[in-house]
Amino acid sequence: MLNNRIVNIIAVVSLLVLLCLDKLMGYDIPFWYYGLPILIYLPFTIHGAINIEANFFMKVQCQADTTEKVAALSFDDGPQTEYTPVILDILKEEQAPAAFFCIGKNITGNESLLKRIYQEGHVIGNHTYSHHFWFDMKLSANMLTDMQQMDALTVDATGLHPRLFRPPYGVTNPNLARAVKAGNYLPVGWSVRSLDTVAKDGEALLHRILTQLKPGAVILLHDTCKITAAILPQLIRDIRQQGYRLERIDKMLNVRAYV
């Protein structure tokens with residue numbers, strides 16, 4: 001599988017070959033040929049940055065390596081007073097474990113919800129403090145500070161120090177890779193992207209999720225969406241009707257959830 005290091009090597013080697021042909025062997029290479037390494041580099045880099053399953057800049061756990069019919073539910077962007085409690089009620093009723101990748105700024109004022117997530121047997125993960133649109137443009141030190149702000153609020157509210165980290169929008173880059181390494185986080189992605197934040201039709205949303213289901217799947221949902229809360233009971237039942245067991249993400253991936 002191509003990653004950032006391999007693509008960089010290919011681009012540099014391509015440039016060196018062109019220079020060798022031009023300067024040492026006298027082939028009189030046209031100037032625009034030197035743009036070829038960029039044409040090699042950019043598409044792979046852009047795809048790697050926006051596709052979290054590509055493991056392009058860093059290794060991200062997006063599913064379990066198993067043939068067993070097991071899957072994990074995960075919710076991003078809470079805690080939020082409108083739908084997080086509804087989703088927690090459903091999970092409790094259905095006895096289904098989940099992971100909540102929380103935004104730090106949403107914890108303030110919602111500490112009781114954060115405590116409830118843990119007390120009811122779910123995992124709390126780090127989804128940055130700000131979840132800012134320009135988060136990916138920050139320097140690695142600033143990214144780390146942002147992530148640690150979320151940690152501090154979680155520790156204050158629950159005594160737990162999250163180890164699992166999910167990048168905002170699933171975007172990765174070299175600066176984030178350095179921040180993740182410096183903070184000793186374990187990056188976690190998904191293998192089933194529900195797109196529930198833009199979904200309008202509940203049946204279509206269910207169909208999209210269920211048709212992507214496979215052993216070891218990590219399902220991405222949001223506890224900030226009305227439609228997600230509406231379809232969740234049916235989703236859980238349908239997953240189980242297909243013979244799957246819902247497992248907590250840290251147990252399914254066999255990783256530690258907290259430092």
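These numbers were taken from a predicted model, which means no experiment stands behind them. The basis for the numbers below is simple: all heavy atoms, side chains too, and nothing from hydrogens, waters or symmetry mates.
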Exercise for review: Tell me, please, which residues at least two apart from F165 pass ring-ring contact (aromatic ring centres under 6.0 Å, His included).
Suggested key: Y185

Point to revise | Spatial distance of atom CG (L113) from atom CD (E111) [nearest 0.5 Å] | key: 9.5 Å

Review point. With V192, which of T211, L210, I219, V218 fulfils side-chain contact (heavy atoms from CB on, under 4.5 Å)?
Key: I219

Exercise for review: Quick one: list whatever passes side chain to side chain donor-acceptor pair (under 3.5 Å) with D196, sequence neighbours left out.
Suggested key: S194, H222, T228

Practice item. Answer yes or no: is there a side-chain heavy-atom contact under 4.5 Å between D146 and K138? Key: yes

N/O donor-acceptor pairs under 3.5 Å from side chains in residues 59-68, not counting sequence neighbours:
unit_1	atom_1	unit_2	atom_2	d
T66	OG1	E68	N	2.9
E68	OE2	R245	NH1	2.6
E68	OE2	R245	NH2	3.4

Exercise for review: Output the distance between atom CG (D238) and atom CD1 (I209), rounded to the nearest 0.5 Å.
Suggested key: 10.0 Å

Study note, to complete from the structure: Contacts of H131 meeting ring-ring contact (aromatic ring centres under 6.0 Å, His included) (sequence neighbours excluded), chain-then-number -> H127, Y169

Check your understanding: Aromatic ring centroids of H161 and Y258 under 6.0 Å?
Key -> no

Revision key, fill the gap. Which of Y83, F75, Y118 passes ring pair (Phe, Tyr, Trp, His ring centres under 6.0 Å) with F100? Answer is F75

Check your understanding: Shared ILVMFWY cluster between L246 and I117, side chains joined below 4.5 angstrom?
Key -> yes

Check your understanding: Going by the ring pair (Phe, Tyr, Trp, His ring centres under 6.0 Å) test, which pairs reach into residues 188-220, not counting sequence neighbours?
Key -> none

Exercise for review: Inspect the surroundings of CD in E93 and state if more than 12 heavy atoms from other residues, nucleotides or ligands are less than 6.0 Å away.
Suggested key: no

Check your understanding: Which distance, rounded to the nearest 0.5 Å, do you find between the OG1 of T84 and the CG of N110?
Key -> 7.5 Å

Check your understanding: Going by atom types alone, do D151 and N126 pair a side-chain donor with an acceptor below 3.5 Å?
Key -> yes

Practice item. Identify the heavy atoms of P79 and D223 that sit nearest to each other, and give their distance. Key: CA-OD2, 4.2 Å

Point to revise | Heavy-atom pair with the smallest gap, counting every atom of M150 and C102 | key: CE-O, 3.5 Å

Check your understanding: Does a side-chain heavy-atom distance below 4.5 Å link T224 with D76?
Key -> no

Practice item. Not counting sequence neighbours, which residues clear side chain to side chain donor-acceptor pair (under 3.5 Å) with D89? List them please. Key: R116

